[in-house]
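Remember, predicted model here, so these are calculated numbers, not experimental data.
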Amino acid sequence: MKDFLSVADFDPTELATVLARAAAVKQDAGAVAGRFRGLRIGLFFEKPSARTRISTEVASADLGMVPVVLKGDEIGLGKREAVEDVARVFDRYLDALALRVYDHEHLRTIADHAAAPVINLLSDLEHPCQALADLQTIAETRPLEETVVAYLGDGNNVAHSLMLGAAMSGMSIRVITPPGYEPADGVRDHAVKLAAKSGGDVEVTNDVAAVAGAHVVYTDVWASMGQEDEAEARNRLFAGYRVTTELFDTADPAGIFLHCLPAHRGEEVTHEVLEHPRSRIFDQAENRLHAFKGLLVHLLGT
């Protein structure tokens with residue numbers, strides 16, 4: 001069975017298939033209700049979670065699976081017990097493993113030592129399940145090909161997965177960050193190669209003027225979990241990258257606003273943009289549920 005540690009673990013056809021399944025599930029949840037009755041999925045949370053915890057647990061239950069929720073302090077991944085030992089034990093009990101962790105290397109180690117499919121619910125490198133919901137939300141408003149996305153803020157895990165997914169889907173993505181906070185070189189280079197095959201484009205810039213004409217404007221918090229001690233410094237450095245009504249107005253007149261949530265109102269985005277008629281943040285949050293169902297159907301078989 002295939003793992004899903006990165007958006008790039010799929011080829012463009014597989015990615016499109018998962019998105020199509022997610023859209024179909026949203027229209028008719030009953031079509032997959034109970035599909036995997038009796039299978040067991042481990043949902044491991046080393047980091048606190050709201051949308052990821054709820055969407056994955058509900059999706060698993062709707063599919064008939066038994067969700068086993070585990071917390072980081074209960075397992076002590078890499079501290080109380082070696083990561084590879086945890087993987088082999090989990091693999092004896094569970095049919096699928098989905099983990100929200102700090103260290104992406106822990107995911108790779110688990111995938112190397114478990115036969116069950118391993119799903120990245122978030123790591124320091126990527127947030128691929130979020131990217132599935134992002135692409136599904138965009139596809140509900142316009143075709144993905146030739147769509148221009150402007151992402152503002154930290155070149156973090158959310159930006160990484162969005163870059164890869166956009167590049168694979170024939171989109172153009174402009175990642176706009178303060179100097180020194182650009183996406184990882186390896187991820188950017190991979191996205192550029194993917195875009196060359198799909199007809200998309202990848203641009204990394206420090207200039208907020210790149211928002212002009214974008215069909216999608218996207219941002220994330222400036223300081224993620226584990227970066228709290230950097231929050232004050234980041235607030236100063238990122239102040240010019242706040243999504244305001246004035247900045248959003250430079251995007252395409254029909255353009256939408258996205259945010260993976262939680263949002264810090266008044267920091268990375270104003271209250272007015274979050275509540276804008278073309279804000280799709282709650283559709284995007286809902287789509288975490290449907291996208292995860294589509295992903296499980298793809299990974300576990302129809």
Side-chain angles (χ1 to χ4, degrees), residues 1-10 18 22 35-133 156-158 160-161 224-228 260-262 285 287-301:
M1 293 183 181
K2 191 162 190 170
D3 300 316
F4 186 60
L5 307 187
S6 165
V7 174
D9 285 339
F10 288 160
V18 171
R35 176 73 61 86
F36 301 123
R37 191 170 305 281
L39 294 187
R40 297 152 299 187
I41 182 169
L43 303 174
F44 174 78
F45 297 94
E46 200 170 47
K47 287 186 171 187
S49 174
R51 279 150 295 277
T52 300
R53 165 75 186 270
I54 296 169
S55 64
T56 56
E57 192 167 352
V58 171
S60 303
D62 284 353
L63 290 170
M65 304 182 77
V66 178
V68 180
V69 180
L70 304 158
K71 295 182 179 179
D73 57 359
E74 296 172 325
I75 306 302
L77 195 64
K79 298 174 183 177
R80 179 172 174 268
E81 193 169 1
V83 178
E84 53 266 40
D85 291 350
V86 172
R88 285 182 279 203
V89 169
F90 281 9
D91 203 35
R92 297 296 179 102
Y93 301 141
L94 303 165
D95 301 291
L97 311 176
L99 304 96
R100 181 178 173 95
V101 301
Y102 285 95
D103 190 345
H104 190 80
E105 289 304 315
H106 285 171
L107 288 175
R108 290 193 174 114
T109 300
I110 290 169
D112 287 343
H113 291 86
V118 177
I119 299 169
N120 180 1
L121 298 182
L122 177 141
S123 71
D124 56 354
L125 183 63
E126 277 205 53
H127 198 352
C129 291
Q130 179 65 55
L132 294 180
N156 58 12
N157 48 6
V158 171
H160 287 163
S161 290
S224 299
M225 283 177 284
Q227 299 173 330
E228 289 82 2
C260 57
L261 300 179
N287 284 339
R288 290 294 307 276
L289 172 67
H290 310 303
F292 195 67
K293 286 184 183 179
L295 176 64
L296 287 176
V297 170
H298 182 74
L299 293 176
L300 297 175

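- You'll find the side chain of Cys129 reaches within 4.5 Å of the side chain of Ile119, heavy atoms only.
- Screening Glu126, His127, Gln130 for a side chain to side chain donor-acceptor pair (under 3.5 Å) involving Ser161 leaves a single residue, Glu126.
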Quick one: do Phe45 and Leu121 satisfy side-chain contact (heavy atoms from CB on, under 4.5 Å)? Show the steps, please. CA-CA 9 Å; Phe45 297 94; Leu121 298 182; 4.1 Å; yes

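- Using a 4.5 Å cut-off on side-chain heavy atoms (C-beta onward), Asp91 and His113 make no contact.
- Here Lys71 contributes atom NZ and Ser49 contributes atom OG; the two are 11.0 Å apart, rounded to the nearest 0.5 Å.
- Rounding to the nearest 0.5 Å gives a distance of 11.0 Å between CG of Asp62 and CG of Leu296.
- With 3.5 Å as the limit, one finds no donor-acceptor pair spanning the side chains of Thr109 and Glu84.
- When side chains are defined from C-beta on, Arg51 counts as touching Pro262, because their heavy atoms get closer than 4.5 Å.
- The side chain to side chain contact (heavy atoms under 4.5 Å, CB included) test with Leu122 singles out one residue from Val158, Asn157, Thr52, and that residue is Asn157.
- Contact record, Phe292 with Ala98: CZ-CB, 4.4 Å, taken as the closest heavy-atom pair.
- Pairing each heavy atom of Leu97 with each of Ala114, the nearest pair is CD1-CB, 3.9 Å.
- A salt bridge links Asp85 with Arg88: the closest approach of a Lys/Arg side-chain nitrogen to an acidic carboxylate oxygen falls below 4.0 angstrom.
- In terms of heavy-atom proximity, Arg80 sits nearest to Ile75 at CB-O, 3.5 Å.
- Here the shortest heavy-atom pairing between Leu5 and His104 reads O-CE1, 3.5 Å.
- For the atom pair CZ (Phe44) and CG (Leu70), the distance works out to 7.5 Å, reported to the nearest 0.5 Å.
- Side chain of Asn120 to main chain of Ser6: no donor-acceptor pair is present (N/O by atom type, distance under 3.5 Å, no hydrogens or angles).
- Closest approach of Ala291 and Leu132 over heavy atoms only: CB-CB, 3.9 Å.
- Scanning all heavy atoms of the two residues, the minimum distance from Val118 to Ile110 falls at CG2-CG2, 4.0 Å.
- Annotation: the span from Glu105 atom CD to Asp124 atom CG amounts to 8.5 Å, rounded to 0.5 Å.
- One finds the CG atom of Leu300 at 7.0 Å from the CD1 atom of Ile41 (value rounded to the nearest 0.5 Å).
- Atom CZ of Arg40 is separated from atom CG of Leu94 by 7.0 Å, given to the nearest 0.5 angstrom.
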Residue pair Phe10, His298: steps toward the ring pair (Phe, Tyr, Trp, His ring centres under 6.0 Å) verdict: CA-CA 11 Å; Phe10 288 160; His298 182 74; 5.1 Å; yes

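- A donor-acceptor contact shorter than 3.5 Å is absent between the side chain of Arg35 and the backbone of Gly64.
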